[in-house]
Number of protein chains: 2
Amino acid sequence: MARTPTRDVIMSAAVSVAAQHGISGSSMDEIAEQAHVAKGSLYYHFPSKDAIFENVLQAGFDRLADAIRDARSATEAGAALRAVTEATLAVLQQNPARAKIVVSEMFRTDRPWGDAIAPARASIVVLYRDVLRDAALQSGGTPAAEAITETAGAAFFGAIAGAGLEWLLFHPDQPIGAVADQVLLLARC
Amino acid sequence: MARTPTRDVIMSAAVSVAAQHGISGSSMDEIAEQAHVAKGSLYYHFPSKDAIFENVLQAGFDRLADAIRDARSATEAGAALRAVTEATLAVLQQNPARAKIVVSEMFRTDRPWGDAIAPARASIVVLYRDVLRDAALQSGGTPAAEAITETAGAAFFGAIAGAGLEWLLFHPDQPIGAVADQVLLLARC
DNA sequence: GTCTATACGCAGATAGAC
DNA sequence: GTCTATCTGCGTATAGAC
């Protein structure tokens with residue numbers, strides 16, 4: 001079996017540690033231990049602790065964006081809302097540790113790496129907004145697509161994230177479809 | 001004017017500092033500076049840093065729960081969904097610094113004070129669930145109220161929180177009613 | 001590329017005067 | 001109740017051998 005590059009091992013370890021203690025609460029000592037490398041080696045692959053988590057978040061946002069795009073394009077228009085919801089939940093489920101970090105960093109603007117990841121973050125909100133716009137057009141144009149803003153996109157993301165974390169943290173035995181039902185239930189009240 | 005008790009000054013300062021740097025990133029030195037007291041005085045009013053934030057979060061959760069209950073009971077059944085949404089947004093807007101902390105701690109289970117605030121957190125999710133159940137009964141019993149679980153409550157909270165933070169952080173000029181519209185738009189797609 | 005050893009500052013917490 | 005002074009450990013980051 002091909003050996004995983006040390007750089008990736010370090011990033012995985014960082015995700016795992018940060019899921020437990022938060023990013024600020026994660027020490028380079030613990031990341032090194034979890035990655036089975038010496039602390040000094042971390043600084044060969046990354047210039048600083050901040051750089052590690054900048055890369056972690058960038059990768060997490062990119063993966064989420066890819067999942068949304070895939071679900072949106074691989075689905076007939078009428079079912080896009082459910083497809084995107086389930087695709088997002090699947091990404092969260094696939095790596096719950098990373099999910100906790102990505103979700104909790106989605107609305108933090110005060111990080112050293114804030115400027116670097118802002119575009120990736122913003123594009124995710126826009127993607128969710130566009131999915132909602134598609135659905136509005138599909139259902140006869142009410143509300144008007146232009147009336148749907150990034151704020152609604154953030155609400156959609158928040159709904160999936162809230163349900164997803166409740167699921168993974170407190171009711172992990174629920175099937176993913178049932179969780180999606182609870183999210184989409186907001187769309188029917 | 002009556003002087004604010006030092007204990008409250010410290011808690012306000014802690015909120016303000018944590019909104020900028022996160023809880024782990026907040027130092028007792030900076031909290032003391034912001035509160036205009038010496039660091040030693042913090043330890044007269046609280047036994048530890050953790051204790052300060054346990055109290056901050058408990059108070060934040062309690063205030064949110066009160067707002068939800070008030071909005072729910074002061075409204076005729078048909079408008080409860082909007083009333084609760086706007087009431088929640090108003091709480092966030094009234095103290096954005098506290099809002100950031102409360103929202104970001106809603107789905108963290110790994111804190112020293114986790115057990116202490118878990119009941120308050122859980123009761124908020126249940127409150128949102130019950131508001132959704134009310135709305136389902138109101139609109140003719142579809143879906144069945146029993147089919148609406150805490151997961152939907154968490155989704156509802158997440159939707160409001162996501163929209164609210166997007167609003168306060170990136171589009172603070174929007175009127176609160178417009179933000180509520182974007183949240184409730186999820187309910188109409 | 002990976003290691004060990006170490007420099008250096010900062011954070012949480014305590015002691016004790018006033 | 002509030003202050004100043006101080007202890008102590010931990011955390012990031014660097015130096016340099018292998």
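Worth knowing before you read on, the calculation uses all heavy atoms, side chains too, and leaves out hydrogens, waters and symmetry mates. So that the names make sense, note that chain A is the first sequence line, chain B the second, and so on, each numbered from 1.
Residue B:I117 holds its CD1 atom at 4.5 Å from CZ of B:F61, rounded to the nearest 0.5 Å.
When rounded to the nearest whole Å, the span between CD of B:E30 and P of C:dC10 equals 13 Å. Going from atom CG of A:D50 over to atom C1' of D:dG11 covers 13 Å, rounded to whole Å. The separation between B:H21 atom NE2 and C:dC10 atom C1' is 14 Å, rounded to whole Å. Look at CD1 on A:I10: it is 10 Å from C1' on C:dG1, rounded to the nearest Å. A straight line from CE of A:M28 to P of C:dA5 spans 19 Å, rounded to a whole angstrom. Distance CZ (B:F46) to P (C:dT14): 16 Å, rounded to an integer number of Å. Taking atom CZ of B:R3 as the reference point, atom C1' of D:dT2 lies 12 Å away to the nearest angstrom. Rounding to whole angstrom units, NZ of residue B:K49 and P of C:dA13 are separated by 8 Å.
Listed candidates were C:dA13, D:dA13, D:dT2. Nearest to the side chain of A:S48 is D:dA13. Checking C:dC3, C:dA11, C:dT2 against every side-chain atom of A:T6, the shortest atom distance belongs to C:dT2. Proximity note for A:S27 (side chain, C-beta onward) versus C:dT2, D:dC3, D:dT12: the nearest is D:dT12. Nearest to the side-chain atoms of B:Y43 among the listed nucleotides C:dT14, C:dT4, D:dT12 stands C:dT14. Side chain of B:D29, nearest nucleotide from C:dA11, D:dC3, D:dT2: C:dA11.
Applying the 4.0 Å criterion to OP1 and OP2 of D:dT2, one finds that B:H45 has a side-chain N or O inside that range. OP1 or OP2 of D:dG1 sits under 4.0 Å from a side-chain N or O of B:Y44. The side chain of B:S41 places an N or O atom within less than 4.0 Å of a non-bridging phosphate oxygen (OP1 or OP2) of D:dC3.
Exactly one of B:Q182, B:H171, B:Q174, B:E166 qualifies for a side chain to side chain donor-acceptor pair (under 3.5 Å) with A:T151. That residue is B:Q174.
Within 6.0 Å of CZ in A:R82 there are more than 12 heavy atoms belonging to other residues, nucleotides or ligands.
Ring geometry, B:Y128 versus B:F157: the interplanar angle falls from 30° to 60°, so the pair is classed tilted.
In the interface, the side chain of B:K39 is paired with the base of C:dG12 through a donor and an acceptor atom under 3.5 Å apart.
Using a 4.0 Å cut-off between a side-chain N of Lys or Arg and a carboxylate O of Asp or Glu, A:R69 and A:D66 qualify as a salt bridge.
Looking at heavy-atom distances under 4.0 Å, B:S24 makes no contact with the nucleic acid at all.
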